[in-house]
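Let me begin by presenting the structure, written as structure tokens, before commenting on it.
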Amino acid sequence: MEKNLAKTYDPKDFEDRIYEAWETSGAFRAERDPDRKPFTIVMPPPNITGQLHMGHALDQTLQDVLTRFRRLQGYSALWLPGSDHASIATEVKVVEKLREEEGKEKEDLGREEFLKRAWEWKRVYGGKITKQCRKLGDSCDWERERFTMDEGCNKAVRHFFVQLYNKGLIYRGNRLINWCPQCGTSLSDAEVEHEDQTGSYWYFRYPGADGGEGIVVATSRPETMFGDVAIAVHPSDERYKDLVGKNVILPLVGKEIPVITDIYPDPEKGTGAVKITPAHDENDFMVGQRNDLPTVCCINEDATMNEVAGKYEGMDRYECRKAWVKDLEEAGYLVKIEEMVIPAGTCYRCHTVVEPMLSDQWFVKMEDLAKPAIEAAKKGDLRHVPERFEKIYLHWLEEIRDWCISRQLWWGHRIPAWYCEDCGELIVAEEDPTKCPKCGSGNLRQDEDVLDTWFSSALWPFSTLGWPEETEDFKYFYPTDVLVTGYDIIFFWVVRMVFSALETTGSVPFSDVYVHGLVRDAQGRKMSKSLGNGIDPLEVINQYGADALRFMLTTGITPGNDMRFKEDRLEAARNFANKLWNASRFVIMNLQDENGEFLPMLKCCEDCCGHACCNDAALTGDLKDEDKWILSRVNDATRYITDTMERYDLALAGQRAYDLIWNEFCDWYIEIVKGRLYGDDEEDKKVARYVLVRVLKSVLTLLHPFMPFITEEIWSYLPHGDAKADNPNNFIIRADWPEYNEALTFPAETEKLEMAMSVIRAIRNIRAEAEAAPSKKLSAVILCAEGREAVVEAGERYIKNLANITQISFIEDKKDVPEETMSAVVDGAEVYIPLDELMDYRAELDRLTKEKKRLEGEVKRAAGKLSNEGFISKAPAKVVEEEKAKKVMYEEMLAKVADRLAVVEAKLK
RNA sequence: GGUCUGCUAGCUCAGCUGGGAGAGCGCAUGGGUCACAACCAUGAUGUCGUGGGUUCGAGCCCCGCGCAGACCACCA
């Protein structure tokens, strides 16, 4: 009974089984091996709220391809997985759940009970996404899995916070921050998105306190007028010269506010006069500070109006806007309305319009932290791939403002700061203090707020390796090698990891940042929940297999650019897997006898396994030309794939593996070798078996990072030499990456094979043009060009088998060319096919005419180049020589085609 | 307003440091050939957005323009 792959490729038959085998055998475990170099990637931790989506699939596949590649190369490869507590996102989900299931608000439960629910959420849903990662084939070290809010991360967060605080880099201050009324918390600048909304500019008159005309100002947010403390104009603005220093009246409110000058107003914009509301606008806040103005807050945290708004108190900000405008209009203060597109800042979580608010918050002082992070990129310690993203990174850091890190939420790392209720002392400490160091009171209250989620994410590359402890893992695996992420989170995350790492560990957290694009739908739209155009990776895996999905995601893309998710590309990837499957089935079939026992193979040594480690060079005496040709192709691809992988050009590497397997191995080598396998030369069969195993193992290894499951499954059916026969851990995931070998280039054999291939293609073309059935046996007459006889004649066996030719006559004289033939001219030979009664001179005429035209074009092009004085004198000699050789070649071919054409034309007369 | 990306075969996209335009899908023709019809063979299709420039030579480098998109800034 033959022990072979199933008749049809069905990834469901083996993907889960193989993953399980990898995991239980410890194949993903990274050892601290001093003899090997480490290769480390930390996984961007998915949110515990999340479902695996296409973005994760892309991000993780890229990481897995890199990890598997380095592991095969012999590195001690660690891909460290984990998940993120996602402070805001999770809290929102838990609150929603509570509301739906119990009809309660979080305040009804209280902080402690609410946190219990949140941890429960984490327990139930937190593992979901990591299970989904397994479906993708992620080869991460699950034994080192971390969570951004586990004990170690919490320790790291506290340590970092205290360190920054003691250095004066964290401070508490009353400043203008972005407030999300829906989420009920402050946000950092990075968490605010800019959206264009349709809105209006309302022009209102603020009458003069002296009974004069006063001044007209425009605003898009009339409800903030209650917080107005001044009207500002530019010092050079002649129009308002007389009003400066006087007071105007806030309409209907009756309050008097001064007209002041400041450099902020732009005389070109609006009326040139700006109302100043320091409590609700960043620019106004700065004007207020410069001019010593008071701040008047008129909006509550839930976006309703406060008592300053008088009769509008309690109204929502937009309701108030409507009523207030109406009242002002009726009172005659409204001058005009302009419809405008108003850019609005919105919350990145709930898309509510954020309200700038004056508030007590914790901040990280950015100036000193940003500098080393900028330097690191400029010096080249931190390399962006593609390079252009460095510009974005630098721009953000150069423009950065202080980072608001406190959040008015419950789920997250609580700020390690305490207030003494007796003396008011502020205590910031890693360990919970028991009494006030100043007055000794035990009456301490911890700050209610938690930290921005990204504060803990910023420590991820080192907190996961044990920092702040100097653990063995930290010493061996840190700094990490590459961070893989989408360009959409450079600001949130990459930047912050870099400055945090430089501040704490003294080195960049990773030397490379590999930035990828977004996965869009087939129409090029962003995949989103609201559009409902998201595609579930798990469904895709179910239908096409994980390997197909992975291959589709990693090939046909350009680093840093978005990609479209097209079903036909997925199908193509699946078809490729199917092709490999069938080719492998063919190989295995020919390695075994009818009992499924492996037949003898040529060996390079006692333990010969037919893998990349084998010494092919020692066997060249036994190898046939085609064997050497395919080995040289594998060798060439090995170099190319290794190089492109090392430069992160994964798409090019994957494409080369595809071409190698399909076009070179399947279409040519396997077709050629069939003749030998079905023949009766037993010694030669051993050679063929060796080469088949050797080549298949190499291509499987080269493809393994992209398609881990199918390559592992096929691997398990191959013979692995005496030494590995009983090793249950003989997995391809642990194999050796092939190395380029100068001894395997075989230029002479390659020339012979390529000669034969062009003759075969020419004959097949004649067949098709003459509409002769592929099954029809034909004979051929070949006239070799001078000096090329040996090269051409070496191809006899291939030509017979692959072009279905029964007999070939090699002739030396043009006179011996038979009459009734169709012909083709290739470089080095003329091929004639007698077609007897099928002979179609019309078809032949068409073919030759077309070919003549093509060759004329080629000759003209080459001649044109060569007659160019500048080209001859300035182009490199090598290029000129090549061009000359081409010209000669095409001229010869053209002459032959022209001769032949004359013969055919004569026939037709 | 600033920065960046894209514009290549009907569609989706490759094209490394400048040296004769590629793939997949689709299309046409022929083929159940003993690994594979999720296949095989053969073939057709491109003023590489546009106008200049540099160069012996430009899809690739430089400048201008057009169209599409992204990000940052902007909320009088």
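First the proteins, then the strands, lettered A, B, ... as listed; each starts at 1.
Within 4.0 Å (heavy atoms only), A/Lys674 reaches at least one base atom of the nucleic acid. If you check every strand for non-hydrogen atoms under 4.0 Å, A/Arg767 touches nothing. Across all strands, A/Lys878 comes closer than 4.0 Å to no nucleic acid atom at all (heavy-atom distances). At the heavy-atom level, A/Phe665 lies nowhere under 4.0 Å from the strands shown. At a threshold of 4.0 angstrom between heavy atoms, the contacts of A/Tyr658 are confined to the sugar-phosphate backbone, with no base atom among them. Within 4.0 Å (heavy atoms only), A/Asp659 reaches no atom of the nucleic acid at all. At a threshold of 4.0 angstrom between heavy atoms, the contacts of A/Asn283 are confined to the sugar-phosphate backbone, with no base atom among them. In this structure, A/Glu869 reaches neither bases nor backbone, as no heavy-atom distance under 4.0 Å exists between it and the strands shown. Contacts of A/Thr219 with the nucleic acid, taken as non-hydrogen atoms under 4.0 Å apart, involve only primed sugar atoms and P, OP1 or OP2. Residue contacts for A/Trp662: at a heavy-atom cut-off of 4.0 Å it reaches the sugar-phosphate backbone alone, with no base atom in range. Residue contacts shown for A/Val217 are absent, as no nucleic acid heavy atom lies under 4.0 Å away. Using a 4.0 Å heavy-atom distance criterion, A/Phe389 is classed as making no nucleic acid contact. Within 4.0 Å (heavy atoms only), A/Leu652 reaches sugar-phosphate atoms of the nucleic acid but no base atom. Using a 4.0 Å heavy-atom criterion, one finds that A/Tyr203 contacts no nucleic acid atom at all.
B/rG18 atom P lies 16 Å from atom CZ of A/Phe871, rounded to whole Å. Rounded to a whole Å, the CD atom of A/Gln543 is 15 Å from the P atom of B/rA38. Between A/Glu399 atom CD and B/rA73 atom P the separation is 9 Å, expressed in whole Å. Rounded to whole angstrom, the span from the CZ atom of A/Arg854 across to the P atom of B/rU45 amounts to 13 Å. What separates CG of A/Asp284 from P of B/rC75 is a distance of 9 Å, to the nearest Å. Between the P atom of B/rA73 and the CG atom of A/Leu397 lies a distance of 13 Å, rounded to the nearest Å. Put simply, CG on A/Asp196 is 13 Å from C1' on B/rC71, counting in whole angstrom units.
Taking atom P on both B/rA14 and B/rA28, the two are 27 Å apart, rounded to the nearest angstrom. When the P atom is used for both B/rC16 and B/rC56, the distance is 23 Å, rounded to whole Å. Rounded to whole Å, the P atom of B/rC71 lies 35 Å from the corresponding atom of B/rG52. Taking the C1' atoms as reference points, B/rG10 lies 24 Å from B/rA41, given to the whole Å. Of the P atoms belonging to B/rC60 and B/rU54, the separation is 15 Å, rounded to the nearest Å. B/rA58 and B/rG18: their C1' atoms are spaced 6 Å apart (whole Å). A gap of 25 Å separates the P atoms of B/rC39 and B/rG15, to the nearest Å. Comparing B/rC36 with B/rG32, their C1' atoms are spaced 12 Å from each other, to the whole Å.
Checked for salt-bridge contact, A/Arg842 and A/Glu769 miss the test: no charged N lies under 4.0 Å from a carboxylate O. Using a cut-off of 4.0 Å between Lys/Arg side-chain N and Asp/Glu carboxylate O, A/Lys886 and A/Glu881 are scored as not salt-bridged. Under a 4.0 Å N-O distance rule, the pair A/Asp636/A/Arg656 qualifies as a salt bridge. Taking a cutoff of 4.0 Å between a charged side-chain nitrogen and a carboxylate oxygen, A/Arg401 and A/Asp189 qualify as a salt bridge. Taking the charged nitrogens against the carboxylate oxygens, A/Lys878 and A/Glu883 have no contact shorter than 4.0 Å, which rules out a salt bridge.
Residue-to-nucleotide proximity on RNA chain B shows that, of A/Tyr264 and A/Gly870, the 5′-proximal contact is made by A/Gly870. For A/Pro876 and A/Val192, each mapped to the nucleotide of RNA chain B holding its nearest heavy atom, the one lying further toward the 5' end belongs to A/Pro876.
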Let's test your reading of the pairing rules: Watson-Crick or G-U wobble, both distances under 3.5 Å, then write RNA chain B as a dot-bracket string with ( ), [ ], | and dots. (((((((..((((.....[..)))).(((((.......))))).....(((((..]....))))))))))))....

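The base of B/rA35 is paired with the side chain of A/Glu671 by a donor and an acceptor separated by under 3.5 Å. One donor-acceptor pair, N or O on each side, does fall under 3.5 Å between the base of B/rA38 and the side chain of A/Arg574. Residue side chain A/Lys391 does not reach the base of B/rC4 through any donor-acceptor N/O pair under 3.5 Å, judged by distance alone.
In this structure, A/Arg205 fails the cation-pi test against A/Tyr333, since its NZ or CZ atom is not both closer than 6.0 Å to the six-membered ring centre and inside 45 degrees of the ring normal. Geometrically, A/Lys275 does not engage A/Phe204 in a cation-pi contact defined by less than 6.0 Å to the ring centre and at most 45° from the axis.
Listed by chain and residue number, nothing satisfies the salt bridge (charged side-chain N to carboxylate O under 4.0 Å, His left out) test with A/Lys853 (two or more places apart in sequence, or in another chain).
Checked by atom type, the side-chain pair A/Glu193/A/His351 shows a donor-acceptor distance below 3.5 Å.
Which of B/rC71, B/rA76, B/rA35 sits closest to the side chain of A/Val274 comes down to B/rA76. Residue A/Arg585 places its side chain closer to B/rC36 than to any other of B/rA14, B/rC74, B/rC36. Minimum atom distance to the side chain of A/Asn575 is reached by B/rC39, of the listed B/rA35, B/rU5, B/rC39. For A/His194, counting side-chain heavy atoms from C-beta on, the closest listed nucleotide (B/rA73, B/rA35, B/rA76) is B/rA73. Listed candidates were B/rG19, B/rC36, B/rA14. Nearest to the side chain of A/Ala875 is B/rG19. For A/Ala583, the side-chain atoms get nearest to B/rA35 when compared with the rest of B/rU42, B/rC16, B/rA35.
Between B/rA35 and A/Asn590, no contact under 4.0 Å exists linking OP1 or OP2 to a side-chain N or O. Between A/Arg764 and the phosphate of B/rU42, there is a side-chain N or O to OP1/OP2 separation shorter than 4.0 Å.
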Given A/Phe576 and A/Tyr658, is the ring pair (Phe, Tyr, Trp, His ring centres under 6.0 Å) satisfied, shown in steps? CA-CA 7 Å; A/Phe576 172 52; A/Tyr658 179 101; 4.6 Å; yes

Mind running side chain to side chain donor-acceptor pair (under 3.5 Å) on A/Asn765 and A/Arg847 for me, showing each step along the way? CA-CA 10 Å; A/Asn765 176 252; A/Arg847 271 172 36 76; 2.5 Å; yes

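To the nearest 0.5 angstrom, A/Tyr544 atom OH is 11.5 Å from A/Lys12 atom NZ. To the nearest 0.5 angstrom, A/Ile661 atom CD1 is 8.5 Å from A/Met707 atom CE.
Annotation: side chain of A/Tyr740 is not in contact with side chain of A/Thr642 (no heavy-atom distance under 4.5 Å).
Near RNA chain B, defined here as any heavy-atom distance below 4.0 Å, the residues from residues 565-573 of chain A are A/Lys566, A/Asp568, A/Ala572, listed numerically.
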